There are 2 protein chains.
Amino acid sequence: MNTLAEENYLKSIYHLSVNAASVTTNQLAALLNTKASSVTDMLKKLADKELINYTPYQGVTLTASGEKVAVNIIRKHRLWEYFLVEKLNFKWDQVHEMAEEMEHISSTELIDRLDKFMGYPKYDPHGDPIPDCNGLFNIHNLKPVAAIGVNETGVICGVRDHSKEFLQYLEKQELTIGKNILILEVIEFDRSMILEMENKKIQISREVANNLLISL
Amino acid sequence: MNTLAEENYLKSIYHLSVNAASVTTNQLAALLNTKASSVTDMLKKLADKELINYTPYQGVTLTASGEKVAVNIIRKHRLWEYFLVEKLNFKWDQVHEMAEEMEHISSTELIDRLDKFMGYPKYDPHGDPIPDCNGLFNIHNLKPVAAIGVNETGVICGVRDHSKEFLQYLEKQELTIGKNILILEVIEFDRSMILEMENKKIQISREVANNLLISL
DNA sequence: TTATAAATTTAGATAAGTCTAAATTTTTTA
DNA sequence: TAAAAAATTTAGACTTATCTAAATTTATAA
Ligand SMILES: [Mn+2]
Ligand SMILES: [Mn+2]
Ligand SMILES: [Mn+2]
Ligand SMILES: [Mn+2]
């Protein structure tokens with residue numbers, strides 16, 4: 001139906017749309033590690049297929065049908081990540097690249113059965129919601145740890161930065177999905193934070209606090 | 001490392017090599033559903049990469065390194081087929097096309113963990129041997145049912161024809177992997193055969209008898 | 001509000017994989 | 001063993017997805 005390149009563009013447009021009304025050529029070029037001119041070519045093709053709304057120089061948005069395709073790819077990506085962690089015992093920092101390939105396996109029947117096999121998980125290993133077979137999912141309202149104050153508590157539910165380096169750092173600190181934290185102190189000098197987690201004190205930088213997401 | 005097209009050519013050369021010392025351009029064109037001229041182009045490329053031994057007009061054989069690649073793709077194909085049948089409850093006639101996509105997922109770590117997760121299966125749902133992580137596998141010596149005579153017995157262990165139609169027919173007749181059969185009679189007129197299987201009499205055509213494989 | 005900078009698109013090339021039609025080589029057959 | 005047939009390769013073209021360099025449009029700033 002759609003080529004691998006088309007699927008990757010649609011997924012990228014979807015992810016970039018979260019933060020803005022429309023997505024620019026340069027944003028896509030940066031995310032997809034390609035050149036702006038290549039992006040323009042592909043945008044024309046996706047517009048021809050009515051998967052995006054494209055006005056030259058004005059950026060793009062997904063059409064309803066383009067969004068459906070994008071959400072389906074994200075569903076497959078997150079279900080395969082869940083599979084890799086829960087069934088094959090990979091760590092959460094090891095699965096993204098494999099899922100980048102697996103998300104393009106086309107069979108809907110396969111992914112629906114995989115979903116069932118795993119008990120219809122609602123969140124992937126990074127805390128991101130998994131769309132169901134109709135494309136529906138919970139958008140839980142998460143805040144960065146940095147947004148709460150001393151004596152407030154929260155439960156770790158996601159990450160903003162998905163890089164291997166950040167995930168490995170969190171793993172080492174045991175700052176993983178589901179853990180409860182309490183803010184003990186904010187250091188004035190560099191705004192780093194001291195947390196209590198399972199009776200241990202952990203100090204995290206502002207950078208970390210900005211990228212670790214909690215629900216209250 | 002190798003492109004999807006290259007992998008499919010290597011796999012096809014491997015499969016065709018079972019029946020002959022070398023594989024011809026036209027055989028590959030027929031199996032890959034492409035034109036002889038396209039095959040020639042690809043053979044040059046594979047020869048440049050030293051994955052095949054190619055002499056123009058004389059057909060090809062795999063080099064040791066080409067065979068290693070081919071066996072690894074077959075390992076992945078068969079392990080994914082096993083997964084689809086044993087874990088996701090697909091029927092044996094439903095899995096081949098999905099596995100054709102999944103066999104190109106590149107991670108070796110992934111496939112080795114999948115292998116472990118399933119308990120290191122030795123045969124895929126169609127009775128074909130699954131190479132282990134070193135590329136080694138049993139070649140069990142199977143005969144078509146047509147090759148044995150009245151009063152002889154055997155255990156169904158594989159199929160020669162892997163088509164959906166044949167697999168569905170066998171499923172309906174319950175002529176599946178592991179079943180014991182006894183030849184009761186061979187009809188002279190059309191050489192069709194009457195078998196006993198689990199206390200039932202089943203008549204199969206010569207065509208079926210030629211494509212159903214047993215061990216004695 | 002006009003010049004400059006930044007973003008984007010267009011023009012023209014390239015590589016992979018495929019195709020058709022024509023040329024060449026090998027095999028078969030009379 | 002020389003035509004004829006079959007198999008294979010070559011030549012030239014097309015599509016997809018990319019690229020660089022140049023042109024154009026939009027945004028910014030003096
Ligand atoms: Mn991911
Ligand atoms: Mn994820
Ligand atoms: Mn198969
Ligand atoms: Mn099989």
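Worth saying up front: this structure is predicted, and the values here are computed from it rather than measured. Reminder, nothing fancy here: chain letters follow the sequence lines and each chain counts from 1.
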Provide, to the nearest angstrom, the distance between the [atom1] atom belonging to [X] and the [atom2] atom belonging to [N].
X     : N      : atom1 : atom2 : result
A:Y57 : D:dT24 : OH    : P     : 9 Å
A:N26 : D:dA27 : CG    : P     : 13 Å
A:D48 : D:dT15 : CG    : P     : 14 Å
A:Q58 : C:dT8  : CD    : C1'   : 10 Å
B:K44 : C:dA15 : NZ    : P     : 16 Å
B:M42 : D:dT10 : CE    : C1'   : 18 Å
A:E7  : D:dT16 : CD    : P     : 16 Å
B:L32 : C:dA16 : CG    : P     : 19 Å

Check this for me, if you would: do A:K76 and A:E81 make a salt bridge, where the nitrogen-to-carboxylate-oxygen distance has to be below 4.0 angstrom?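 Not counted as a salt bridge, because no side-chain N and carboxylate O are separated by less than 4.0 Å.
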
Less than 4.0 angstrom from a charged side-chain N to a carboxylate O is my criterion; do A:D115 and A:R75 meet it?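 Judged by the 4.0 Å cut-off on N to carboxylate O distance, A:D115 and A:R75 do form a salt bridge.
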
Once you apply a heavy-atom cut-off of 4.0 Å, does B:T25 come out as touching a base, just sugar-phosphate, or nothing?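 Sugar-phosphate: the residue B:T25, judged by heavy atoms under 4.0 Å, touches backbone atoms but no base.
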
Going by atom types alone, do A:S192 and A:Q203 pair a side-chain donor with an acceptor below 3.5 Å?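 Yes.
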
Exercise: do A:D124 and A:H77 side chains pair donor with acceptor under 3.5 Å: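 There is no such pair between these side chains.
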
Looking only at side-chain atoms of [X], point me to the closest of [options].
X     : options                : result
B:T40 : D:dT26, D:dC19, D:dT10 : D:dT10
B:D41 : C:dT18, D:dT16, D:dT9  : C:dT18
A:Y54 : D:dT16, C:dT18, C:dT9  : C:dT9
A:A5  : C:dA7, D:dT18, D:dT9   : D:dT18
A:K35 : C:dC19, D:dC19, C:dT25 : D:dC19
A:Y9  : C:dT25, D:dC19, D:dT18 : D:dT18

With sequence neighbours left out, write down each residue that passes ring pair (Phe, Tyr, Trp, His ring centres under 6.0 Å) with B:F83, or none if nothing qualifies.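 B:F83: ring pair (Phe, Tyr, Trp, His ring centres under 6.0 Å) contacts with A:F83, B:W80.
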
Ignoring hydrogens and angles, does a donor from either the side chain of B:S37 or the base of C:dT20 sit under 3.5 Å from an acceptor on the other?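 Answer is yes: a donor-acceptor pair is held.
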
Using the closest heavy atom to pick a nucleotide of DNA chain D for each, name whichever of B:S38 or A:T34 lands nearer the 5' end.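 On the 5' side of the pair lies B:S38.
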
